[in-house]
2 protein chains.
Amino acid sequence: MARKSGSHADITGPKVREAALKLFARDGYAAVSMRKIAAEVGVQAGALYLYTPDKQSLLYDLMKVHMEELLAAWAEADVNGTPPERLEAFARFHIHYHLDRPDNIFIAYMELRNLEPENFAEIEVLRRRYEQGLIDILEAGNASGDFAVPDPKLAAMAAISMLNGVTTWFRDEGRLSRETVETIYWDMLRKSVAA
Amino acid sequence: MARKSGSHADITGPKVREAALKLFARDGYAAVSMRKIAAEVGVQAGALYLYTPDKQSLLYDLMKVHMEELLAAWAEADVNGTPPERLEAFARFHIHYHLDRPDNIFIAYMELRNLEPENFAEIEVLRRRYEQGLIDILEAGNASGDFAVPDPKLAAMAAISMLNGVTTWFRDEGRLSRETVETIYWDMLRKSVAA
DNA sequence: GTCTATAACCCGATAGAC
DNA sequence: GTCTATCGGGTTATAGAC
């Protein structure tokens with residue numbers, strides 16, 4: 001059966017999500033109207049509601065998918081090895097993954113406050129799961145004597161803050177290559193937790 | 001001459017700025033209406049325009065005053081000493097200053113995108129001046145042999161990102177004291193740039 | 001200096017035509 | 001599936017009374 005002419009659900013749906021991600025990241029959730037998202041997609045505002053029940057769900061879905069994909073990607077990238085090896089894998093993975101998805105990390109860290117409470121709680125669980133992965137590595141390194149981290153929870157927060165910062169200033173056309181930046185950050189992180 | 005009854009310019013003016021800072025930090029610039037600011041102050045929306053030409057100026061002024069006070073406070077807190085001594089002063093100053101003003105740093109880093117271009121450019125100059133202070137310390141440390149920082153500019157960004165992160169999770173009622181947090185962060189920073 | 005009222009406009013979300 | 005039109009309400013900023 002030929003698809004009905006003018007039916008683009010499988011094209012428009014993803015486009016709505018992409019447009020929302022781009023605009024939320026650029027201007028902030030509260031500053032982006034459904035009309036602006038629609039204009040970016042190339043449809044009228046009313047048509048968006050075929051793909052999302054409301055604006056809040058759009059934000060929530062973007063964050064949830066991002067966090068789930070992040071967790072899955074790290075599970076894939078994690079290595080069997082010594083704590084220093086795993087920490088290097090984490091640092092390089094985190095930078096690499098986020099430099100490829102600057103919009104995602106931007107909304108994941110900046111738009112948490114615009115989630116309604118029950119949505120916030122769900123995303124927070126995923127975020128903490130990711131952080132816990134790093135905490136586990138730091139604790140293993142303390143146990144093995146490779147690291148001297150007085151408070152692994154605090155150190156994990158500090159490390160993630162540092163690594164996240166790269167997305168705020170890195171530009172591909174800039175002075176330094178991704179590989180260089182990745183290596184320098186890893187070197188700083190390595191030294192900061194070393195025994 | 002007795003002041004005219006109902007004249008509270010010197011009280012209401014600062015209250016408007018305080019209310020705007022509090023609400024911008026809590027809910028985000030775009031999500032805060034002039035009516036909400038007025039309600040927080042205890043006046044009607046129209047009265048705000050006696051103290052600010054518009055909402056944008058309110059944000060710009062808050063950021064500008066914050067950055068100027070930050071620069072002045074660091075100029076005061078900076079020490080004459082070796083690069084490691086100056087770096088410690090910077091780390092402790094930065095954490096201490098920002099933990100005392102969580103709302104200020106929040107808007108200074110999160111609401112940059114809501115500044116109109118010419119305002120953004122002015123704030124950016126001040127922000128870069130502050131960062132340059134740290135870059136200078138790192139370069140001096142490289143020269144003296146105390147530090148081994150391959151790219152002082154990048155390292156400064158990384159360090160500030162790491163230190164800023166503390167404001168997103170630190171709570172006075174929490175597990176760790178300010179002094180403890182300050183010392184652990186300083187220790188990580190010290191090691192991360194050490195020769 | 002602050003108020004009320006209002007101009008001019010934008011918002012999220014829905015209804016119904018096609 | 002997408003459109004136009006619209007409801008009910010919010011927005012910034014201003015005008016004029018007191």
Side-chain angles (χ1 to χ4, degrees), chain A residues 1-24 26-63 107 111 113-119, chain B residues 1-21 23-24 26-62 107 111 113-119:
Chain A
M1 285 292 266
R3 190 179 290 271
K4 180 177 151 203
S5 164
S7 173
H8 302 299
D10 46 356
I11 303 172
T12 307
K15 276 174 78 177
V16 168
R17 291 171 38 81
E18 283 162 30
L21 174 61
K22 173 181 166 182
L23 295 179
F24 287 166
R26 197 188 64 191
D27 301 329
Y29 176 79
V32 175
S33 66
M34 293 300 269
R35 282 171 177 80
K36 283 180 190 155
I37 297 171
E40 179 79 18
V41 174
V43 297
Q44 292 300 312
L48 297 180
Y49 291 88
L50 293 166
Y51 307 101
T52 181
D54 51 35
K55 188 182 168 188
Q56 169 72 199
S57 300
L58 217 37
L59 178 62
Y60 168 71
D61 288 343
L62 286 171
M63 288 216 198
I107 68 156
E111 302 297 352
R113 64 171 149 192
N114 285 309
L115 287 173
E116 287 163 12
E118 60 272 35
N119 290 339
Chain B
M1 285 291 265
R3 188 180 291 271
K4 178 177 152 202
S5 164
S7 173
H8 302 297
D10 46 356
I11 302 172
T12 306
K15 276 174 77 179
V16 169
R17 291 172 35 80
E18 284 162 29
L21 175 60
L23 295 178
F24 288 167
R26 198 189 63 190
D27 301 327
Y29 175 78
V32 174
S33 66
M34 294 299 269
R35 282 173 178 82
K36 284 181 190 153
I37 297 171
E40 178 79 18
V41 173
V43 298
Q44 292 301 312
L48 297 180
Y49 292 88
L50 293 166
Y51 306 102
T52 181
D54 50 33
K55 187 182 168 188
Q56 170 72 197
S57 300
L58 217 37
L59 178 62
Y60 168 70
D61 287 343
L62 285 171
I107 68 156
E111 302 296 352
R113 63 172 150 191
N114 285 308
L115 287 174
E116 286 162 12
E118 60 271 36
N119 290 338

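The figures that follow rest on heavy atoms only: side chains count, while hydrogens, waters and symmetry mates do not.
- For the salt bridge (Lys or Arg N to Asp or Glu O under 4.0 Å) condition, no pair includes a residue of residues 29-38 of chain A, sequence neighbours left out.
- Partners of B/Glu18 under the side-chain contact (heavy atoms from CB on, under 4.5 Å) rule, at least two apart in sequence or in another chain, are B/Pro14.
- Qualifying salt bridge (Lys or Arg N to Asp or Glu O under 4.0 Å) partners for A/Arg113, counting only residues two or more places apart in sequence or in other chains: B/Glu111.
- The CG-P distance, from B/Leu50 to D/dG16, rounds to 16 Å in whole Å.
- Within the structure, salt bridge (Lys or Arg N to Asp or Glu O under 4.0 Å) pairs that include any residue of residues 48-59 of chain A do not occur (at least two apart or interchain).
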Treating primed atoms plus P, OP1 and OP2 as sugar-phosphate and everything else as base, which nucleotides of nucleotides 5-13 of chain C get B, S or - for protein heavy atoms under 4.0 Å? ------BBB
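- The side-chain hydrogen bond (donor to acceptor under 3.5 Å, both in side chains) check on B/Lys15 picks up nothing, with sequence neighbours excluded.
- For the pair B/Thr12 and C/dT2, the criterion of a side-chain N or O lying under 4.0 Å from OP1 or OP2 is met.
- Residue B/Gln44 places at least one side-chain N or O under 4.0 Å from the OP1 or OP2 atom of C/dT4.
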